[in-house]
Amino acid sequence: MADVGKTPVARNEKASSEFGYVGIDAILEQMRRKAMKQGFEVNIMVVGQSGLGKSTLTNTLFKSKVSRRSVMTTEEERIPKTIEIKSISHVIEEKGVRMKLTVIDTPGFGDQINNENCWQPIMKFINAQYEQYLQEEINIDRKKRIPDSRVHCCIYFIPPTGHCLRPIDIEFMRHLSKVVNIVPVIAKADTLTLEERNFFKQKIREDLRANEIDIYPQNEFDEDAEDRMINEKIRAMIPFAVVGSDQEYQVNGKRLLGRKTRWGTVEVENTTHCEFAYLRDLLIRTHMQNIKDITSSIHYEMYRVRRLNENNTKPNGQPAIHTNGVPEHEVLSHEM
């Protein structure tokens with residue numbers, strides 16, 4: 001019979017050092033191997049009017065021809081009469097890490113004479129991806145790994161006017177920031193002087209605060225003091241003033257991505273020239289997993305709870321879930 005007053009060995013903090021190495025830290029290697037086998041996937045939406053360099057910047061981010069425009073024919077190069085949402089997927093591999101990247105383009109956004117409510121088709125598309133994931137999730141015989149078409153991040157391109165946000169910018173971000181992670185960027189920032197750029201960034205931050213637009217990384221989702229400190233630095237830089245280019249030039253004996261002008265070469269990855277490197281680090285090197293986590297645990301979860309509550313409160317008890325996504329009359333309801 002065990003002694004009543006005796007403390008179990010498992011609760012002794014010095015147990016591991018007294019009895020040798022246990023190997024708990026090996027779980028990290030197990031997780032790494034599993035992740036490497038499965039690969040990763042990320043879905044990025046780009047939104048902005050034509051001519052702002054969306055395709056070029058996307059190609060620059062991943063140093064590959066990944067944008068929709070890079071693979072379409074000449075006949076397709078036209079401004080659509082309505083907003084069209086088109087996706088294209090690629091598998092990128094680097095140092096043994098495989099990632100499926102889906103780029104969602106929105107040709108036609110902001111290009112019409114009347115751009116009122118032009119955010120609605122994009123809202124509908126994002127909700128439809130949540131709906132598709134939800135349908136897979138609630139299946140009795142659901143797949144072991146549910147295909148994830150949810151939009152993890154939306155890069156919103158702001159024209160380099162140098163003044164303030166336009167009504168269309170405010171309206172879009174005000175609605176969409178409630179359902180997706182939005183990262184705003186000032187497109188073609190090399191058209192602004194440094195003074196104009198700094199003034200414009202400050203005005204945009206003021207407009208975002210005045211209209212209560214919560215862009216990524218959101219204050220409320222900082223997990224701890226360390227996260228808050230890192231994210232505060234990022235929030236202080238947003239919107240990123242970016243320049244994209246898939247052309248290489250010789251600069252001081254090195255081949256660099258840049259834009260050549262009569263006055264010199266704008267180096268895309270030089271942080272004294274533009275803030276592209278900060279955007280790339282945020283989206284790929286430091287916050288990619290967090291962006292996906294926020295999508296799953298916050299944005300999708302809000303949608304899921306609302307939809308399941310709707311189904312539970314139907315008078316006839318029948319779920320009103322459509323196979324083609326969110327019903328028309330409910331398309332805009334996923335907002336806080």
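Because only heavy atoms are used, hydrogens play no part in the values below, and waters and symmetry mates are left out as well, while side chains stay in.
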- Query: About how many Å separate CG of Leu134 and CG of Asn311, when rounded to the nearest 0.5 Å?
  - Reply: 8.0 Å

- Task: Decide yes or no for Thr60 and Val268: does some side-chain heavy atom of the first lie under 4.5 Å from some side-chain heavy atom of the second?
- Result: yes

- Examine distances only and state if a side-chain atom of Asp169 and a backbone atom of Arg166 form a donor-acceptor pair shorter than 3.5 Å. yes

- Query: Should we count CD of Glu29 as having more than 12 external heavy atoms under 6.0 Å?
  - Reply: yes

- Query: If two hydrophobic side chains count as joined below 4.5 Å and joins carry through other members, does Met36 share a cluster with Ile92?
  - Reply: yes

- Query: Do Leu308 and Glu310 touch side chain to side chain, with heavy atoms closer than 4.5 Å?
  - Reply: no

- Message: Between Gln250 and Gly253 (side chain of the first, backbone of the second, donor and acceptor by atom type, cut-off under 3.5 Å), is there such a pair?
- Response: yes

- Using the side-chain contact (heavy atoms from CB on, under 4.5 Å) rule, take Val103 and Met45 through it: C-alpha gap first, then chi angles, then the decisive distance, then the call. CA-CA 6 Å; Val103 178; Met45 175 179 274; over 6 Å; no

- State, yes or no, whether a side-chain contact exists between Cys164 and Asp207 at a heavy-atom distance under 4.5 Å. yes

- Task: To the nearest 0.5 angstrom, please state how far the CG atom of Leu208 sits from the CD1 atom of Ile170.
- Result: 8.5 Å

- Message: For Tyr156 and Phe172, take the angle between the two ring planes, folded into 0 to 90°, and tell me which bin it lands in: parallel under 30, tilted 30 to 60, perpendicular over 60.
- Response: parallel

Sequence neighbours excluded and cut-off under 3.5 Å, please list the side-chain donor-acceptor pairs for residues 276-285, or say none.
from   : atom 1 : to     : atom 2 : distance (Å)
Arg280 : NH1    : Glu269 : OE2    : 2.5

- Query: When clusters are formed by joining ILVMFWY residues with side-chain heavy atoms under 4.5 Å apart, either directly or through shared neighbours, do Leu256 and Leu61 land in the same one?
  - Reply: no

- Query: Which value, rounded to the nearest 0.5 Å, describes the distance between Gln129 atom CD and Ile126 atom CD1?
  - Reply: 9.0 Å

- Query: Ile158 versus Ile204: any side-chain heavy-atom pair under 4.5 Å?
  - Reply: yes

- Task: Any chance you could lay out the side-chain hydrogen bond (donor to acceptor under 3.5 Å, both in side chains) test for Gln218 and Asn181, step after step, and finish with the verdict?
- Result: CA-CA 9 Å; Gln218 301 92 333; Asn181 298 310; 3.1 Å; yes

- Task: Would you check if the side chain of Arg205 reaches a backbone N or O of Phe200 as a donor-acceptor pair within less than 3.5 Å?
- Result: no

- One should read off an interatomic distance between Met99 CE and His90 NE2, to the nearest 0.5 angstrom, of 11.0 Å

- Query: Does the distance from a Lys or Arg side-chain N to an Asp or Glu carboxylate O, for Arg209 and Glu206, drop under 4.0 Å?
  - Reply: no

- Task: Say whether, by atom type as modelled, one donor and one acceptor occur between the side chain of Asn115 and the main chain of Gln112 under 3.5 angstrom.
- Result: yes

- Message: Could you check whether Asp293 and Gln289, counting side-chain N and O atoms only, form a donor-acceptor pair closer than 3.5 Å?
- Response: yes

- When every non-hydrogen atom of Cys153 is compared with those of Ile291, the smallest separation belongs to CB-CG2, 3.9 Å

- Message: Using side-chain heavy atoms (C-beta onward) and a distance below 4.5 Å, is Val97 in contact with Phe40?
- Response: yes

- Task: Measure the shortest side-chain to side-chain distance between Leu176 and Ile182 over non-hydrogen atoms and say whether it is less than 4.5 angstrom.
- Result: yes

- Task: Step by step, work out the side-chain contact (heavy atoms from CB on, under 4.5 Å) result for Glu171 and Trp119.
- Result: CA-CA 8 Å; Glu171 192 72 1; Trp119 53 271; 3.5 Å; yes

- Classify the ring geometry between Tyr303 and Tyr130 as parallel (under 30°), tilted (30 to 60°) or perpendicular (over 60°). tilted

- Query: Taking 4.0 angstrom as the limit, do Lys65 and Asp246 come out as a salt bridge?
  - Reply: yes

- Query: Side chains of Lys201 and Glu275: closer than 4.5 Å at any heavy-atom pair?
  - Reply: yes

- Message: Determine whether a donor-acceptor pair (N or O, by modelled atom type, separation under 3.5 Å) exists between the side chain of His152 and the backbone of Val42.
- Response: no

- Hey, are Glu232 and Arg228 close enough for a salt bridge, meaning a charged N less than 4.0 Å from a carboxylate O? no

- Task: Say whether Tyr249 and Val266 are linked into one hydrophobic cluster, either directly or through other cluster members, by side-chain heavy-atom distances under 4.5 angstrom.
- Result: no

- Cluster link Val242 to Met288, ILVMFWY, side chain under 4.5 Å: yes

- Check: Glu136/Gln132 side-chain N/O donor and acceptor closer than 3.5 Å: no

- Task: Using the rule that two of Ile, Leu, Val, Met, Phe, Trp, Tyr join whenever any of their side-chain heavy atoms come within less than 4.5 Å, decide whether Tyr216 and Phe221 are in one cluster.
- Result: yes

- Would you list the pairs meeting salt bridge (charged side-chain N to carboxylate O under 4.0 Å, His left out) in which at least one residue belongs to residues 256-268, sequence neighbours left out? Asp190-Arg259

- Message: With a 4.5 Å cut-off on side-chain heavy atoms, are Val47 and Ile155 touching?
- Response: no

- Message: Could you check whether any side-chain N or O of Ser64 sits under 3.5 Å from a backbone N or O of Phe62, counting only pairs where one atom can act as donor and the other as acceptor?
- Response: yes

- Query: Is the count of non-hydrogen atoms from other residues, nucleotides or ligands lying under 6.0 Å from Ile24 atom CD1 greater than 12?
  - Reply: no

- Reported SG-to-CG distance for the pair Cys154 and Asn43, which is rounded to 0.5 angstrom: 12.5 Å

- Task: Determine whether more than 12 heavy atoms belonging to other residues, nucleotides or ligands lie under 6.0 Å from atom CD of Glu93.
- Result: yes

- Enclosure of Asn252 CG (heavy-atom neighbours >12, cutoff 6.0 Å): no

- Task: Determine yes or no for a side-chain-to-main-chain donor-acceptor pair under 3.5 angstrom, with Asp222 supplying the side chain and Asp224 the backbone.
- Result: no

- For Glu220 and Asp214, run side-chain contact (heavy atoms from CB on, under 4.5 Å): C-alpha distance rounded to whole Å, both residues' side-chain angles, the deciding distance at 0.1 Å, then the answer. CA-CA 9 Å; Glu220 60 187 302; Asp214 208 7; 3.3 Å; yes

- Measure from the side-chain N and O atoms of Arg145 to the backbone N and O of Gln38, and report whether any donor-acceptor pair falls under 3.5 Å. yes

- Does any N or O in the side chain of Lys203 come within less than 3.5 Å of the main-chain N or O of Leu165, such that one atom is a donor and the other an acceptor? no

- Rounded to the nearest 0.5 Å, what separation is found between the CD1 atom of Ile85 and the CZ atom of Phe125? 6.0 Å

- Any sub-3.5 Å donor-acceptor pair from Asp111's side-chain atoms to Gln49's backbone N or O? no

- Message: I'd like to know if Lys254 pairs up with Glu248 as an ion pair, taking the criterion as any Lys NZ or Arg NE/NH1/NH2 lying under 4.0 Å from an Asp or Glu carboxylate oxygen.
- Response: no

